[in-house]
Amino acid sequence: MTIKRLVLIFVLTPIAVLLAVSSLFGSWQEPQFQSRLELYQTNIALQAQAWQSEDSNDDNLQAIREAILGEQPLESATKQYQEARQSVQTNLDKVNNKLAQLRSQPEITPTPPKPLPDVPPTTKTSRQGQQQQLQQSFKQLQKLLAELDLRLGILQAQQGQTDTALKTWSELQQRLDINPEFGQTAAVLSGLWSNPPRLLPDAQQSIQKNLEGWFGSTALIKLYQLQQRQDALSTVKAAQQESAAQAVIKLGVIGTIPTLAALNGLILLIFLFAQRLLKGKASLLAQNADVLWSTPWDGETILQVFVLGFFFMGQLFVPLVISLLPIERPIIDVRLQAFSVLISYLLVASGALLVLYFSLKRFFPLPEFWFRFRFQDNWFLWGLGGYCAALPIVVVVSLINQQLWQGQGGSNPLLQLALESQDGVALGIFFSTAAIAAPFFEEILFRGFLLPSLTRYLPVWGAILVSSLLFAIAHLSLSEILPLTALGIVLGVVYTRSRNLLAPMLLHSLWNSGTLLSLFVLGSN
């Protein structure tokens, strides 16, 4: 065995595995992005439920409204906020327990004559750093919990549960560890819904500062009614109706299009499985199903590409290069954040593709079916059909996944940036990263190279499953492993049947584009 192979297998591969496992377990206690996304959608639904058409007796408009919002939007929103509050409280307790454990640990000071710089000892400095990080998380969770309680009380009051709402706000005021502004806003809300009502000074400013959307307009309407300020009341009601009409359109966009695509995908899946049962190997699902690639390289080349080209580029080399650039950190400007994400991704992709090229160069010319791009083919139908078929599959898997992780497990940080960014240039850069660069690079690496390479050792279905799992793990978020594995399986089936990389690239691009569109619509609220 050569020194190169020894270093690759027994040194670099274990390091890469440890890096991946460390990143995955690092996401264990991080909140899922899906939980935050659901609250955004709930807030839009609350705005939309305030919409009133000019013809209140129009049954068709009422049916459309119920189809989009459901029969009991306030009750559904209350349940969503209660679940979010419970999740935040659980995380708050966990952080508090970690802080208590850290404070109770004895301090260990390293011996001055023999420092160990390569070993991270539990010194006073490192303990203080951990405490500061935990305390920052603790404060953020406290703030979020207070915001949820303010909103939850309004939901309860609007459903006639005034005593419950007053109790929610009273408990918020009694918490000494929150920002006084939240306690003041809770007092304002308690006064508005008390019997008899109490109008506190600076009530309007407090509401406008700490409440927004449907919650803010609902509280202001209650305030102006009590103050008998008809002009202000008319203005806020008109603004609420305008926002409600826009919210209905947004919900229609993010709900109708994916639903129709998922319905078509379900019909397509039923058709394909029925055809498979009736026609057997003559069906579309059986096309090229058992045809293996001729793979002239072995597992060492696969390891070389992924260990050196993917993990070391993505986890060590590129982050090191980026850290050396003379850029002020943290990056606050959203356009610079988007540009930084794009450049980092392009560097990782370029490095990995270069490693791939030099690893396979000695095997040129490659056998048939490797890295095929054929524009005069039915790749568009495979890609579009695969996207529709993936929707119902991934939705079902995601629902199961949410029950398993209960809002934890981390998420792709790009999703958060895209949700909160309403800058057109930044969104364009995010789109370039997610809908163009990512499908091109990841499909070449995982479907174009990894999947066919694995058929040297596994049947096609086994190669699809293993490559899909590695594709999901490579995103380094525990909560995304199951949904991305399901998506990877569909991508693998589309590629192995079409034998054209344009098909999974289109599917991947449509998936990421749909996600970004939904985030843009939700974030625009």
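Since the model is a prediction, treat every value here as computed from it, not as a measurement.
- More than 12 heavy atoms of other residues, nucleotides or ligands sit less than 6.0 Å from atom CZ of F138.
- Side-chain atoms of L476 and Q315, non-hydrogen and from C-beta on, do get closer than 4.5 Å to each other.
- Contact check for L263 versus T259: no side-chain heavy atoms found under the 4.5 Å cut-off.
- For the atom pair NZ (K237) and OG (S234), the distance works out to 7.5 Å, reported to the nearest 0.5 Å.
- Residues A486 and V397 share a closest heavy-atom pair of CB-CG2, 4.0 Å.
- Y345 and F441 have perpendicular rings, their planes meeting at more than 60° on a 0 to 90° scale where under 30° would count as parallel.
- Between the side chain of N401 and the backbone N or O of S479 there is at least one donor-acceptor pair closer than 3.5 Å.
- Atoms CZ and NE2, on F446 and H508 in that order, are 9.5 Å from each other to the nearest 0.5 Å.
- Crowding of Q225 atom CD: a count of heavy atoms from other residues, nucleotides or ligands under 6.0 Å exceeding 12.
- Defined by atom type and a distance below 3.5 Å, a donor-acceptor pair is present between the side-chain atoms of Q89 and D93.
- D231 CG: 12 or fewer foreign heavy atoms inside a 6.0 Å radius.
- Minimum interatomic distance between P201 and Q184 (heavy atoms only, all atoms of both residues): O-NE2, 4.5 Å.
- Rounded to the nearest 0.5 Å, atoms CD (E443) and CG (L506) are 10.5 Å apart.
- Other residues, nucleotides and ligands contribute over 12 non-hydrogen atoms within 6.0 Å of the CD atom of Q82.
- For the 3.5 Å distance criterion, the side chains of H475 and E480 fail to qualify, holding no donor opposite an acceptor.
- Side-chain atoms of F182 and L150, non-hydrogen and from C-beta on, do get closer than 4.5 Å to each other.
- Distance alone, capped at 3.5 Å, is enough to place a donor-acceptor pair between the S344 side chain and the S340 backbone.
- A distance-only check finds a donor-acceptor pair linking the side chain of S398 to the backbone of V394 [under 3.5 Å].
- Looking at L46 and T218, their side chains never come closer than 4.5 Å, going by heavy atoms from C-beta outward.
- Checking side-chain atoms of N96 against main-chain N and O of L92 turns up no donor-acceptor pair under 3.5 Å.
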Notebook entry, point to check: Given L199 and L192, is the side chain to side chain contact (heavy atoms under 4.5 Å, CB included) satisfied, shown in steps?
Noted result: CA-CA 6 Å; L199 298 180; L192 292 179; 3.7 Å; yes
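- Shortest non-hydrogen contact noted between T485 and I481 is OG1-O, 2.6 Å.
- Looking at heavy atoms from C-beta onward, L269 lies in side-chain contact with I393 at the 4.5 angstrom threshold.
- No side-chain heavy atom of V88 sits under 4.5 Å from any side-chain heavy atom of R85.
- With rounding to the nearest 0.5 Å, the separation of OG in S477 from CG in L24 is 7.5 Å.
- There is a side-chain donor-acceptor pair under 3.5 Å between Y81 and N43.
- Using a 4.5 Å heavy-atom cutoff, the side chains of L469 and I473 are in contact.
- Side-chain contact check for Q174 and S170: at least one donor-acceptor pair (N or O, by modelled atom type) lies under 3.5 Å.
- Of all the heavy atoms in P258 and L391, the pair that sits closest is O-CD1, 3.8 Å.
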Next item on the list: Go through the steps to decide whether E171 and D149 satisfy the test side chain to side chain contact (heavy atoms under 4.5 Å, CB included), and finish with yes or no.
Entry: CA-CA 9 Å; E171 291 175 352; D149 280 341; over 6 Å; no
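- Of all the heavy atoms in A203 and V188, the pair that sits closest is CB-CG1, 3.7 Å.
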Checklist line | Derivation of the side chain to side chain contact (heavy atoms under 4.5 Å, CB included) call for N512 and I436 | finding: CA-CA 9 Å; N512 288 356; I436 300 175; over 6 Å; no
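- In this structure, R151 and L211 approach most closely via the heavy-atom pair CG-CD2, 4.2 Å.
- A donor-acceptor contact shorter than 3.5 Å is absent between the side chain of S190 and the backbone of L166.
- Proximity of Q158 to W214: side-chain heavy atoms (C-beta onward) are separated by under 4.5 Å at one or more points.
- Residues meeting the side chain to side chain contact (heavy atoms under 4.5 Å, CB included) test with Q159, sequence neighbours left out: L74, E75, T78, L155, Q161.
- Atom CZ of residue F430 and atom CZ of residue R335 lie 12.0 Å apart, to the nearest 0.5 angstrom.
- For E181 and K143, the salt-bridge test fails: no basic side-chain N is under 4.0 Å from an acidic carboxylate O.
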Next item on the list: Kindly determine whether K222 and I154 satisfy side chain to side chain contact (heavy atoms under 4.5 Å, CB included), including the steps that lead there.
Entry: CA-CA 11 Å; K222 185 73 172 178; I154 295 176; over 6 Å; no
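- To the nearest 0.5 angstrom, K167 atom NZ is 14.0 Å from L172 atom CG.
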